[in-house]
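Read the numbers this way: they start at 1 and go in the same order the structure lists the ligands and their atoms. If you read the sequence from its start, that first residue is 1, and numbering goes on from there. Just so we're clear, the structure is a prediction, and the values are computed from it rather than from any experiment.
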Amino acid sequence: MFPCDFAWGAGTAAYQIEGGWQADGKGPSIWDTFCHEKGRVFGEQNGDVACNSYELWEKDLKCILQLGLTHYRLSLSWARLLPDGTTRHVNHKGVDYYNKVIDDLLACNVTPMVTIYHFDLPQALQDQGGWKSQSIATLFDSYAQFCFQTFGDRVKLWITINEPYVCAKLGHEDGIHAPGLKEPGITAYLVGHNMLRAHAMAWHSYDSSYRAKQKGLVSLAINSDWLEPLQPDCTDDIVATERDFAFTLGWFAWPVFLTGDYPEIMRSAIDANSRRVGYTGASRLPSFSKDEPVILGTADFFALNYYTSRKVKAGAGFGQTLCMKSDRDIEEVLDPSWPICGVPWLAVVPHGLRRLLKYIKDTFNNPVVYITENGFSQVGPLQMEDVQRFEFYKDTIMEVGKAIEEDGVNIRGYFAWSLMDNFEWPDGFSARFGLFHVDFSDEKLSRTMYHSGREYAKMIMKYKSEPK
Ligand code: GAL
């Protein structure tokens, strides 16, 4: 069912696991600042120590080997490498750390997939406007080129930016992720735009200066739920679903994979809403400049983060305020038959992933796909024998198999989220996504495999050795 060179992975992100927030010359990031403000994170927790992977990397490596992963997805902390965000000052201790991680992985036959940016902007760049500022794209490009130069002889799978949707909306519209801005209706679109510009610049730099020698692949990780109309025959619900897709997956996938521009229905919904309230400024959705590197075609594969599904119906009408919610004008509902796994937003819908994969194949011209995140959380009392969670993994991986075999989707890998329990953003340590449990109450931060980890390892072993 799975090709023999299929990537079986698990993922983590720097801020969620590393700790060492001030170690060896690392600069602060927006997540350091955000978590140190009162009332931002569950229980006033933070990633100051987290899994302390900065000091305990060898323990992580043991977990990776116990699982038998072929691939490991990690992210680089921008502020650990470049404390003020610019290449004027390189923190060599940070470079040493990631060199060791990458070298150890390769020595153990594990292929690294490296995310250049996973939510943790250097605070120094936030102080200059962060992702709102036009110049962030060039700064990101320099940082990405620094990464290609420093690690690209060994890293062949790159993700520039993880989940621009989450950074833009949760960080700048809802204010529940760092940098905690609540500037509805304008800033998220600007941030998303600058993230696309930054991504495209980095991809072009790789393409023109590194690809020939390094022979790697570069993409950006796009998160999307599977969406379907609440009433399959209701035109309003069908249109609402298209609009919802346009504001989530389409926001980033259309420019990169399809047209070089935002989905038309996204722009027309935003502009119509502006007119309705008498907003007379330029379109709140920025336009791509012809003088800048083109966006279309700047991904060598489709990197998909999938967690859950939603049924969609038309919104209850426009509110008075200009915001993404009123622009989008939809309502998402959960099907009561879908089990909830841990955090309340995570309804388990394995078949949703298969449908989404088919949708991506049909909409974006059959790209090569890596599922760069998928997983299930635990909240409340600890359950080491997380049988139900593994059932979800098994069902989901079966659906991935069907997408390959029956739908002909060109899927090259699956990365479970996450290797181990870690700092789950505003939920702190209350939501546990790991294949390994981490005991945060014990100084040693010992890692212990969950039942789901053992079963995932068996599954990897089985598929790796199965004759095709
Ligand atoms: C994603 C994010 C990960 C992880 C996961 C589970 O949005 O990229 O860092 O936290 O969600 O919520």
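The closest side-chain donor-acceptor pair between D386 and Q383, if any, does not fall under 3.5 angstrom.
Heavy atoms of Y165 stay at 4.0 angstrom or farther from ligand 1.
Tested against N374 for a side chain to side chain donor-acceptor pair (under 3.5 Å), the candidates Y393, Y306, Y414 yield a single pass: Y414.
For atom 7 (O) of ligand 1, the closest heavy atom belonging to the protein is E163 OE1, 2.4 Å. In terms of protein heavy-atom proximity, atom 5 (C) of ligand 1 is closest to Y307 OH, 3.2 Å. The nearest protein atom to atom 10 (O) of ligand 1, hydrogens excluded, is given as E424 OE1, 2.7 Å; this is a heavy-atom distance. Looking at atom 3 (C) of ligand 1, its nearest protein heavy atom turns out to be E373 OE1, 3.4 Å.
Taking the six-membered ring where the residue is Trp, the centroids of F302 and F257 are separated by under 6.0 Å. Ring centers of W57 and Y97: at least 6.0 Å apart, outside the cut-off. Side-chain rings of W31 and F34 approach one another, their centers coming within less than 6.0 Å.
For a threshold of 3.5 Å applied to N or O pairs, the pair formed by W345 and ligand 1 contains no separation below that value. Ligand 1 has no nitrogen or oxygen under 3.5 angstrom from a nitrogen or oxygen of N305.
Sorted by first and then second residue, the pairs that involve residues 337-351 and meet side chain to side chain donor-acceptor pair (under 3.5 Å), not counting sequence neighbours, are D335-S337.
For ligand 1, the atoms sitting less than 4.0 Å from at least one non-hydrogen atom of H118 are 2 (C), 3 (C), 8 (O), 9 (O), numbered in the order shown with element in parentheses. For ligand 1, the atoms sitting less than 4.0 Å from at least one non-hydrogen atom of W425 are 3 (C), 4 (C), 9 (O), 10 (O), numbered in the order shown with element in parentheses.
Of the heavy atoms in N162, only side-chain atoms (C-beta onward) come closer than 4.0 Å to ligand 1.
Contact annotation: the side chain of W425 approaches that of Q16 to within less than 4.5 Å [non-hydrogen atoms, C-beta and beyond].
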